[in-house]
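What you see is a predicted model; the values in this text were computed from it and never measured.
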Amino acid sequence: MKSKIFEVPTELLAEFSELLSENELVNEIQGSTEDDEIIIEVSYSTKQKATIHELEDWLEDALDELDEEDEDEDEDSDDDEESEDE
C-alpha cells in the first residue's frame with residue numbers, strides 16, 4: 001500500500017472526509033499544521049491511484065475557492081473602511 005499526505009483546512013474537512021468515505025479509502029489523522037490545517041494520511045492501492053488524483057484535484061479547486069472568498073471578504077472590508085473614513 002502507498003500513502004499520500006493531505007493538508008486539509010478545517011473548513012473543508014467535512015467534505016474531504018465524505019469523499020474519503022465514499023471511496024472507501026483508509027485514512028488516519030496525523031496532526032495539524034501551524035495554519036490549523038488537518039494532516040491526513042491516506043493509504044491506497046495502485047487501483048485507487050486515479051481516486052487519489054481526483055482528491056488532489058478536488059482539494060486544489062476547493063482551496064482556490066476559499067482563497068477567492070477570502071479575497072472578496074478583504075475587498076468588502078476595505079470598502080467598508082473607506083466608507084467609514086468619508
_Restricting to salt bridge (charged side-chain N to carboxylate O under 4.0 Å, His left out), what partner residues turn up for Glu41, sequence neighbours left out?_
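Here no residue qualifies.
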Sorted by chain and residue number, the salt bridge (charged side-chain N to carboxylate O under 4.0 Å, His left out) partners of Lys4 (sequence neighbours excluded) come out as Glu56
Rounding to 0.5 Å, atoms CD (Glu24) and CD (Gln48) come to a distance of 8.5 Å
Original post:
Roughly how far, to the nearest 0.5 Å, is the NE2 atom of His53 from the CG atom of Asp57?
Top reply: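 Atom-to-atom, Asp57:CG and His53:NE2 are 8.5 Å apart.
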Main-chain N/O of Glu37 paired with Thr33 side-chain donor or acceptor, under 3.5 Å:
yes
Please give the remaining members of the hydrophobic cluster of Val8, linking ILVMFWY side chains under 4.5 Å, ordered by chain and number.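 Taking Ile, Leu, Val, Met, Phe, Trp and Tyr as members, Val8 shares its hydrophobic cluster with Phe6, Leu12, Leu13, Phe16, Leu19, Leu20, Leu25, Ile29, Ile38, Ile40, Val42, Tyr44, Ile52, Leu55, Trp58, Leu59, Leu63, Leu66.
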* Asked: Which atom names give the shortest non-hydrogen contact between Ser45 and Met1, and what distance separates them?
  ->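 Nearest pair, atom of Ser45 first, then Met1: N-CE, 4.1 Å.
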Heavy-atom count check: over 12 atoms from other residues, nucleotides or ligands less than 6.0 Å from Glu22 CD?
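Atom CD in Glu22 is crowded, with more than 12 foreign heavy atoms closer than 6.0 Å.
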